Amino acid sequence: MTAVGGGHWTEIARRWGHVGPPLRPGAADLAFYAEVFSGRTAPRALLLGVTPELYRLPWPDGADVIAVDHTPAMIDALWPGPAAAVVCADWTDMELEPGSRDVVLGDGVFHLLDHPGGQARLVDNLARVVRPGGVVGLRLFVPPGAADREAPASVLADLSAGRVANLNLLKLRLGMALQPDPCAGVALGAVYAALDEAEPDLAALAARLGWDLDHLLAIESYRGSDSHYSFVTVDEVGELFVRRGFELEAVHVPSYELGERCPTVVFRHPAP
């Protein structure tokens, strides 16, 4: 996960309690994730990242659930499973046996890798470790289409007017508004700088909006960060999977606010 530095994720781990939907999966997302492996007997599952909600899904008896995450601080702070079931490694270089996983799930992971290089390397690795007939389910963060693209000033105007409900929604909207294209991505430090320029007094902003100050101060993890997010469309993700032989099986769009930007896609690795 070379696109996002360890220092950023150390800070995210420290402030994880202030991260919520849509940056974390909601009930509708979790219900759909459970459908991905429904009917499978004792699946061998791989989680990309240590999202606790994915580990706590209603896995069938006998399921073998392991996780891969590249940040020790995230593993230490969030992983709810046994220590032997989590590996500290890069998703693009997982040393797992070929064809060893029946199900792969990841929540908000694809945009953490640069486009197209890092994202393509992830798909290459998944093509290696997912057995024929296995499935990959990923919740994406996708930018709006050209007709619905937001300007950063519009997002910040909505924030000032109280039309942004929480920091999680603000991060998603402002980050996507600032991204010129997926290859360039958006630096997290640029998201912080845009907010800081518009609202330099975070305490006053929190008071005006009625937000908990600690919740708003979670944006400090972005300050000065040169780590990048690369938001891509479902079609762009699909192209990477299809070229490695996967087939798009399902797309789930939740109904919560900004749900249209948080679809979960399921790709099947066809049996020979």
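Only a predicted model underlies this, so the values are computations on that prediction, with no experimental measurement involved.
- Proximity of the aromatic rings of Tyr192 and Tyr222 is defined here by a centroid distance below 6.0 angstrom, and this criterion is not met.
- In this structure, the side chains of Leu54 and Leu57 come closer than 4.5 Å at one or more pairs of heavy atoms.
- Ring pair Phe267/Phe241: centre-to-centre distance below 6.0 Å.
- Considering CG of Leu96 and CG of Asn125, their distance stands at 7.5 Å, rounded to 0.5 Å.
- In summary, the side chains of Asp90 and Thr92 do present a donor paired with an acceptor at a separation below 3.5 Å, with no hydrogens or angles considered.
- Put simply, the residue from Val265, Leu138, Leu48 that forms a side-chain contact (heavy atoms from CB on, under 4.5 Å) with Phe110 is Leu138.
- Checked for salt-bridge contact, Arg268 and Glu249 meet the test: a charged N lies under 4.0 Å from a carboxylate O.
- Annotation: side chain of Leu217 is in contact with side chain of Leu202 (closest heavy-atom distance under 4.5 Å).
- The closest donor-acceptor contact from the side chain of Trp79 to the backbone of Gly81 lies under 3.5 Å.
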- Hey, mind stepping through Leu170 and Asn168 against side-chain contact (heavy atoms from CB on, under 4.5 Å) and telling me if it holds? CA-CA 5 Å; Leu170 176 65; Asn168 303 298; over 6 Å; no

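- Note that the CE atom of Met176 and the CG atom of Asp148 stand 12.5 Å from one another [nearest 0.5 Å].
- Note that CG of Leu169 and CZ of Arg163 are 14.0 Å apart. Values are rounded to the nearest 0.5 Å.
- Using a 4.5 Å heavy-atom threshold, the side chains of Leu172 and Cys262 count as touching.
- Taking both residues in full, the closest heavy atoms of Trp91 and Val68 are given as NE1-O, 2.7 Å, listed atom of the first, atom of the second, then distance.
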- Going through the distances and angles, do Arg173 and Val164 end up as a side-chain contact (heavy atoms from CB on, under 4.5 Å)? CA-CA 9 Å; Arg173 288 180 61 187; Val164 180; 3.7 Å; yes

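- Contact of the Val104 side chain with the Val135 side chain is not registered, since no non-hydrogen atoms from C-beta on lie closer than 4.5 Å.
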- For Arg243 and Glu236, what are the C-alpha separation, side-chain angles and deciding distance, and is it a salt bridge (Lys or Arg N to Asp or Glu O under 4.0 Å)? CA-CA 11 Å; Arg243 74 175 180 82; Glu236 288 166 331; over 6 Å; no

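- Scored by the side chain to side chain donor-acceptor pair (under 3.5 Å) test, Arg244 finds Asp124 as partners (sequence neighbours excluded).
- Between the side chain of His215 and the backbone N or O of Leu167 there is at least one donor-acceptor pair closer than 3.5 Å.
- The two residues Val155 and Ala177 have their closest heavy-atom pair at CG2-CB, 4.1 Å.
- A salt bridge does not link Asp93 with Arg121: every distance from a Lys NZ or Arg NE/NH1/NH2 to an Asp or Glu carboxylate oxygen is 4.0 Å or more.
- Between Pro25 and Glu53, the shortest heavy-atom distance links the atoms CG-CB, 4.0 Å.
- Here the closest non-hydrogen pair linking Val50 and Asp69 is N-OD2, 3.6 Å.
- Val242 and Leu240 fall into different hydrophobic clusters, where Ile, Leu, Val, Met, Phe, Trp and Tyr side chains are chained together by heavy-atom contacts under 4.5 Å.
- Atom CD1 of Ile219 sits about 7.5 Å away from atom CG of Leu174, to the nearest 0.5 Å.
- Counting heavy atoms from C-beta on, the side chains of Phe231 and Val142 never come closer than 4.5 Å.
- Trp59 contributes no side-chain N or O that, together with a main-chain N or O of Val65, makes up a donor-acceptor pair within less than 3.5 Å.
- Leu209 places a side-chain heavy atom less than 4.5 Å from the side chain of Leu205.
- The distance from the CG atom of Asp226 to the CG atom of Leu188 is 9.0 Å, given to the nearest 0.5 Å.
- Here Glu97 does not pair with Arg44 in a salt bridge; the nearest charged N to carboxylate O distance is not below 4.0 Å.
- Listed for the Ser221 side chain is a donor-acceptor partner under 3.5 Å among the backbone atoms of Ala218.
- The minimum heavy-atom distance between His269 and Ala127, with the atom names listed, is CE1-O, 3.1 Å.
- The existence of a salt bridge linking Glu220 and Arg223 is confirmed by a sub-4.0 Å separation between a basic side-chain nitrogen and an acidic carboxylate oxygen.
- Taking every heavy atom of both residues into account, Tyr55 and Pro80 meet most closely at CD2-CG, 3.5 Å.
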- Message: Determine whether Leu195 and Leu159 satisfy the following criterion, side-chain contact (heavy atoms from CB on, under 4.5 Å), listing intermediate values before the conclusion.
- Response: CA-CA 10 Å; Leu195 175 61; Leu159 175 69; 3.5 Å; yes

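- Two residues are said to be in side-chain contact when any heavy atoms from C-beta on lie closer than 4.5 Å; Val186 and Val191 meet this criterion.
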- Do Arg131 and Asp102 pass the salt bridge (Lys or Arg N to Asp or Glu O under 4.0 Å) test, and can you show the C-alpha distance, the side-chain angles, and the key distance before you say yes or no? CA-CA 6 Å; Arg131 72 163 181 82; Asp102 304 305; 2.5 Å; yes

Validation: residues 252-260 side-chain donor-acceptor distances under 3.5 Å, sequence neighbours left out:
from	atom 1	to	atom 2	distance (Å)
Tyr256	OH	Asp29	OD1	3.2
Tyr256	OH	Asp29	OD2	2.8
Tyr256	OH	Arg139	NH1	3.0

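- Although no hydrogens or angles enter the test, the distance criterion places a donor-acceptor pair under 3.5 Å between the side chain of Gln119 and the main chain of Ser230.
- The structure places CE of Met94 at 13.5 Å from NE2 of His70, a figure rounded to the nearest 0.5 Å.
- Pro60 has its side chain out of reach of Arg40: every pair of non-hydrogen atoms, C-beta onward, lies at least 4.5 Å apart.
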